[in-house]
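Working notes for the structure below.
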Amino acid sequence: NRLKTSLLSKPIFYSGVFTGTRDDKATRFQSFNDINQPDVTVSVIEGDITETIAMTRFPNAKHLKHAAISDLSAHTQSVKTGKADIVIQDLGVFLTLAEQSDNNLVPLKALGPVEIFPEMLGLKKGEAELKSLIDNTIDIITAEGFVNKALQTSPSSSYPNIIPYDLQTE
């Protein structure tokens with residue numbers, strides 16, 4: 001419904017969503033296919049993108065659903081306590097929560113992101129001139145390296161306008 005009344009700018013950068021697990025289970029998951037197994041439980045938040053990703057990328061795995069009002073630490077805590085094997089989360093959030101939990105949680109970075117999403121600005125429909133100005137500005141700050149430099153200051157899973165991964169599709 002929002003798209004009927006808005007315009008979207010060009011992507012400024014891309015955000016990757018990663019999988020993570022406990023450090024003692026990390027060697028078990030060498031591919032996304034290893035996660036998509038009936039004996040693997042993936043922690044998801046109901047109605048959230050994590051649930052959609054789990055349903056589409058890991059349909060054979062069990063899904064431990066947390067209420068939509070759950071905070072991200074409860075979602076991640078499921079893996080720490082062994083109720084789930086895998087969590088799907090933004091890398092920056094995951095690393096922060098892993099640090100708070102004695103670092104026994106590890107991102108499965110070698111697998112790359114499970115999904116990549118463009119980050120764009122939303123504008124009111126009819127603001128074509130403003131959209132054009134913003135798109136041109138995004139082109140300029142990207143070409144001048146500003147976006148890359150800004151993204152390098154964050155441990156998150158944000159990428160410049162060139163996607164650095166091909167998503168595994170096995």
Side-chain angles (χ1 to χ4, degrees), residues 1-20 32 35-36 42-61 63-79 84 86-100 105 107-109 111-170:
N1 216 11
R2 245 186 274 173
L3 291 177
K4 291 179 183 176
T5 60
S6 62
L7 297 170
L8 295 173
S9 73
K10 287 183 173 183
I12 303 168
F13 61 93
Y14 293 84
S15 292
V17 180
F18 284 77
T19 52
F32 288 133
I35 298 171
N36 191 27
V42 179
S43 177
V44 301
I45 297 175
E46 234 172 346
D48 183 63
I49 192 66
T50 58
E51 183 179 30
T52 304
I53 292 170
M55 288 171 31
T56 57
R57 296 296 303 270
F58 311 120
N60 297 325
H63 303 146
L64 174 64
K65 295 182 182 183
H66 296 275
I69 59 171
S70 301
D71 70 8
L72 294 175
S73 61
H75 174 52
T76 307
Q77 190 72 9
S78 298
V79 173
I86 295 290
V87 65
I88 300 169
Q89 221 163 39
D90 170 80
L91 185 60
V93 171
F94 181 83
L95 292 174
T96 299
L97 294 172
E99 190 176 286
Q100 295 169 359
L105 299 173
L108 298 171
K109 286 198 276 188
L111 299 183
V114 68
E115 288 293 340
I116 297 174
F117 300 97
E119 299 292 343
M120 302 171 277
L121 297 174
L123 307 160
K124 285 185 191 174
K125 200 166 214 139
E127 294 184 331
E129 279 186 48
L130 179 59
K131 181 186 178 324
S132 178
L133 177 67
I134 289 172
D135 286 347
N136 289 336
T137 302
I138 290 169
D139 287 342
I140 291 167
I141 64 173
T142 300
E144 291 182 357
F146 177 79
V147 173
N148 284 349
K149 188 173 180 180
L151 293 176
Q152 289 171 359
T153 64
S154 170
S156 74
S157 51
S158 301
Y159 305 109
N161 280 331
I162 300 168
I163 301 175
Y165 290 99
D166 288 326
L167 292 179
Q168 288 188 30
T169 56
E170 30 172 39

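We count residues from 1, following the sequence as given. Since we're looking at a predicted model, the values are computed, not measured.
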- Message: Contact between Phe146 and Ile140 at the side-chain level, heavy atoms closer than 4.5 Å - yes or no?
- Response: no
- Query: Under a 4.5 Å cut-off applied to non-hydrogen side-chain atoms, are Asn36 and Pro59 in contact?
  - Reply: yes
- Message: Which residue in the set Asp139, Asp135, Thr142 passes side chain to side chain donor-acceptor pair (under 3.5 Å) when paired with Lys10?
- Response: Asp139
- Message: Pair Thr76, Gln89 - check side chain to side chain donor-acceptor pair (under 3.5 Å), show working.
- Response: CA-CA 8 Å; Thr76 307; Gln89 221 163 39; 3.0 Å; yes
- Message: If you compare all heavy atoms of Phe18 against all heavy atoms of Leu108, which two are closest, and at what distance to 0.1 Å?
- Response: CD2-O, 4.4 Å
- Message: If you define the side chain from C-beta out and look only at heavy atoms, does anything of Ser15 sit under 4.5 Å from Ile116?
- Response: no
- Message: Quick check for you: to the nearest 0.5 Å, what is the distance between Ser9 atom OG and Leu123 atom CG?
- Response: 6.5 Å
- Message: How long is the straight-line distance from CD1 of Ile88 back to CD1 of Ile53, given to the nearest 0.5 Å?
- Response: 5.5 Å
- Task: Quick one: pull up OH in Tyr14 and CD in Glu115 and give me the separation to the nearest 0.5 Å.
- Result: 13.5 Å
- Query: Got a sec, which residues hit side chain to side chain contact (heavy atoms under 4.5 Å, CB included) with Ser70, two or more places apart in sequence or on another chain?
  - Reply: His66, Ala67
- Message: Just checking Phe117: does its CZ atom have more than 12 heavy atoms from other residues, nucleotides or ligands closer to it than 6.0 angstrom?
- Response: yes
- Quick one: are Val42 and Leu64 in side-chain contact, heavy atoms under 4.5 Å? no
- Item | Leu8 to Gly122 - nearest heavy-atom pair and separation | CD2-CA, 4.0 Å
- Locate the shortest heavy-atom distance separating Gly16 from Pro113; write the atom from each residue and the value. CA-CB, 4.0 Å
- Can you name the residues that form a side chain to side chain contact (heavy atoms under 4.5 Å, CB included) with Thr96, not counting sequence neighbours? Gln100
- Donor-acceptor contact below 3.5 Å, side chain Ser132 vs main chain Ala128: no
- If only atom types and distance count, is the side chain of His75 paired as donor or acceptor with the main-chain N or O of Thr50 below 3.5 Å? no
- Query: For Ala84, does its backbone N or O pair with a side-chain atom of Ser78 as donor and acceptor, under 3.5 Å?
  - Reply: no
- With a 4.5 Å heavy-atom cut-off, do Lys124 and Leu7 have their side chains touching? no
- Under the side-chain contact (heavy atoms from CB on, under 4.5 Å) rule, what do Leu105 and Val79 come out as? Steps first, then yes or no, please. CA-CA 8 Å; Leu105 299 173; Val79 173; 3.8 Å; yes
- Query: If you take all heavy atoms of His63 and Val44, which pair is closest and at what distance?
  - Reply: CB-CG2, 4.4 Å
- Note on the structure: Residues Met120 and Pro118: closest non-hydrogen pair is CE-CG, 3.8 Å
- Message: Does any part of the side chain of Glu51, heavy atoms only, come nearer than 4.5 Å to the side chain of Ile45, both counted from C-beta?
- Response: no
- Message: If I compare all heavy atoms of Asp90 with all of Val17, which pair ends up nearest, and what's the gap?
- Response: N-CG1, 4.4 Å
- Message: Return the OG1 to CG distance between Thr19 and Leu111, rounded to the nearest 0.5 Å.
- Response: 5.0 Å
- Rounded to the nearest 0.5 Å, the CD atom of Glu127 sits from the OG atom of Ser6 at a distance of 10.5 Å
